[in-house]
Structures are given as structure tokens and as C-alpha cells.
Amino acid sequence: QEYMGEDLALMHKEVLLLVTQLTNGEPLMTINLSGKSVGDEGIADLCDSLKHNNTVTALNLRGNEITEKGITAIAHLLKHNHTITDVNLRGNEVSGSAVDVLCDAMKHNSVVISLNL
């Protein structure tokens with residue numbers, strides 16, 4: 001199954017509902033939040049819920065106003081989750097030290113085959 005979000009920007013409350021679904025609901029394989037303006041706080045909550053998830057393989061976070069804080073949460077997720085193989089971060093503020101954090105995470109992850117920046 002795939003979660004694609006609503007047409008409008010996701011509010012933090014909606015991200016928390018998605019987190020609940022990930023924890024208690026039907027398994028999802030793809031999370032597509034492209035262009036939903038989730039932001040760093042929502043990304044942090046999402047990443048926390050995915051650390052031990054073993055069904056999600058693709059995470060599309062393109063254009064979500066994610067800064068270094070959110071990238072750090074994603075990097076931490078990728079160090080611990082070994083199911084996600086495809087991550088799309090295009091259209092976010094990924095530069096400088098955020099790239100370094102992601103590179104460090106990739107040293108601990110052998111399953112990601114596509115990381116789009």
C-alpha cells in the first residue's frame with residue numbers, strides 16, 4: 001500500500017495520525033509526502049515511527065521545507081532502519097553539513113540503493 005497525503009499541506013496533527021497508522025494500522029510500503037510542507041518537526045515524528053518499521057521501503061519527502069534539523073532525523077533513521085531502500089529529498093535544504101550527516105549515516109546502512117538530493 002501507499003500513503004500519498006492530501007492535496008493541502010500536512011499539518012503536524014496529520015503527520016501524527018500517519019505515525020499512528022504506521023504503528024498500529026495496515027502495513028505501508030511507500031510513503032509519498034512530496035510537496036506537503038511537513039517541515040522538520042513532522043519529519044522528526046515520522047522518522048521516530050519508522051526506526052523499527054519493517055514494511056516501508058520507499059520514502060518520498062521531496063519539497064517539504066526540511067532543513068538540517070530534519071535531515072539529521074532522517075540520517076538517524078537510516079542508521080537504524082534496514083528496510084527503506086529509496087529516499088527522495090530533492091527540493092529541501094540539503095547542503096553542507098546536512099550532506100555530511102547523510103554520508104555518515106550511509107556508512108551504517110547497506111540497503112539504501114537510491115538517495116536523491
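With hydrogens and angles disregarded, a donor-acceptor distance shorter than 3.5 Å links the side chain of T55 to the backbone of L28.
Linking Ile, Leu, Val, Met, Phe, Trp and Tyr residues whenever their side-chain heavy atoms come within less than 4.5 Å leaves M106 and V101 in two separate clusters.
Looking at K69 and E41, their side chains never come closer than 4.5 Å, going by heavy atoms from C-beta outward. With contacts defined as side-chain heavy-atom distances shorter than 4.5 Å, the pair V38/L61 does not qualify. A 4.5 Å side-chain heavy-atom check between S97 and E68 finds at least one atom pair inside the cut-off. Counting heavy atoms from C-beta on, the side chains of V99 and V94 come closer than 4.5 Å. Contact check for I66 versus D40: side-chain heavy atoms found under the 4.5 Å cut-off. With a 4.5 Å cut-off on side-chain heavy atoms, N64 and N92 count as touching.
Here the straight-line distance linking atom CG of N88 with atom CZ of R62 works out to 6.0 Å at 0.5 Å rounding. Here the straight-line distance linking atom OG of S34 with atom CG of L59 works out to 11.5 Å at 0.5 Å rounding. Taking CG of L102 as the start and CG of L115 as the end, the distance is 6.0 Å to the nearest 0.5 Å.
Under the side chain to side chain contact (heavy atoms under 4.5 Å, CB included) rule, L77 has a single partner from L50, I43, T72, which is L50.
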Using the rule given for side-chain hydrogen bond (donor to acceptor under 3.5 Å, both in side chains), can you reason through T83 versus N54, listing the C-alpha separation, both sets of side-chain angles and the distance that settles it, and then say yes or no?
CA-CA 6 Å; T83 308; N54 61 0; 6.0 Å; no
